[in-house]
There are 2 protein chains.
Amino acid sequence: MNEAVVLTPERILEATEDVLRRFGLSKATVVDVARALDVSHGSVYRHFPSKASLRDAVAKRWLDRANEPLCKLAAGDGPAPERLEKWLRTAFTIKQKKVCDDPEMFATYLALAQDAREVVEAYKDKQVDLIAKILSDGVAQGVFEVDNVKATARAVFDATVRYHHPAHAEEWAKPECPSRIDALLALLLRGLRVCKP
Amino acid sequence: MNEAVVLTPERILEATEDVLRRFGLSKATVVDVARALDVSHGSVYRHFPSKASLRDAVAKRWLDRANEPLCKLAAGDGPAPERLEKWLRTAFTIKQKKVCDDPEMFATYLALAQDAREVVEAYKDKQVDLIAKILSDGVAQGVFEVDNVKATARAVFDATVRYHHPAHAEEWAKPECPSRIDALLALLLRGLRVCKP
DNA sequence: CCGCTGACAGATTTCAATATCTGTCAGACA
DNA sequence: TGTCTGACAGATATTGAAATCTGTCAGCGG
């Protein structure tokens, strides 16, 4: 059948991601997306109510993909302290890799983050939930002592903004960065552990 | 004598701060500063080699003034944990107050921070030194257990970026902010304390 | 019918001409 | 002599007209 030529939201997202990657957020237009799909731009508006919603949908896909390894880690079952450290380091590494490999999409993400868009808020909340999962595992294992898991998970997230918020991305390449991350993680893990070693 | 009409660096800084406050960083020009002082702009260049250096000097003055209460706090001699908490809360409050009271100067500071200007780096280093002072007091008092004071001070600073880096200023007004600060500070202080209470 | 097109109004962006600014310096002035 | 001025060149910013874009919708074609 004509499956190949049906205009689906999925195909539009694919094309939009390409266009964003190629032209960057500031240059990409809905007309470009339509041209890439060889349809009129009116057709795109049949599937997405606005350019902003299209942009958000692409960002969501992108963020969900980036988040997958972190979900797996959080769902794991090793000792919580090691898992939390691994989780945070992985989060930092993913972000840093994105900055290098996919700068245009990262710039898009930065712009979204600065607009405090809903999609980014949802993503952050998801991250905090993953941290909370590991924390409560740690409490169950008797290695963490946390009175309010949700609030503490948020605190861990906040304490590490410097290494996952795109506004600080330029600093991630600095040579003193790794040892600063080490010190920060050590401090946080000490703050979580039960109090008689 | 003609003291009142002598063109000093101090008078230029004063005028520049006024101009920056009135027009904002993006609109303020050296010509404006000269006009405010009723001299030619060439005269300004006699005292400051470039517009950037003038801007930096104003920012330094501004930052130093803002920093003064924090220096006093760090130099105090109460129990370190309370003092550190107070210090951090004061740092947050000062920044927040500046955002409201002096938005144009704050925007200038934001621009400087994003350029990673030397003057801002120096200011941050000074802040870290103040934290380090309190930490080593805490170690001396037997209430903190810290193996590398300098690195840990940096970690405390990094962990609190969200509440002192101007890039996050829009979030400081949110209603959930105070409780998130509470959770963060509690976590950090737990991470510093000695381990058998 | 149903999905798509393409013309349209109003908003936004581009672009090039114009104006202003930065930083320098020879010379005025005291 | 030392400070300040004002004209200048090159860089940067502003402006407004023209081009493009966003979002809508009446109507075409399958």
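In what follows, chains carry the letters A, B, and so on, assigned in the order in which the sequence lines appear, proteins first and then strands, with residues in each chain numbered from 1.
- Each of A:G42 and B:A28 was assigned the nucleotide of DNA chain C with the nearest heavy atom; the assignment lying further toward the 5' end belongs to A:G42.
- Atom CG in B:L7 sits about 10 Å away from atom C1' in D:dT3, given to the nearest Å.
- Counted by atom type alone, B:S179 and B:D182 present zero donor-acceptor pairs between their side chains at under 3.5 Å.
- Considering only side-chain N and O atoms, A:S40 lies under 4.0 angstrom from the phosphate OP1 or OP2 of C:dT5.
- A salt bridge does not link B:D129 with B:K133: none of the charged nitrogens is closer than 4.0 Å to a carboxylate oxygen.
- Atom CG of B:L54 and atom P of C:dT22 are 10 Å apart (whole Å).
- A:K27 has a side-chain polar atom (N or O) that falls below the 4.0 Å cut-off from OP1 or OP2 of C:dT14.
- A:S43 comes within 4.0 angstrom of a nucleotide base, judged by non-hydrogen atoms across all strands.
- One atom, NE2 of A:H47, and another, P of D:dG23, lie 16 Å apart when rounded to the nearest Å.
- For the residue pair B:T90 / B:T93, no side-chain donor-acceptor distance below 3.5 Å is found, with atom types taken as modelled.
- In terms of polar N and O atoms assigned as donor or acceptor, the side chain of B:H41 comes within less than 3.5 Å of the base of C:dG23 in a complementary pairing.
- Here A:E14 does not pair with A:R11 in a salt bridge; the nearest charged N to carboxylate O distance is not below 4.0 Å.
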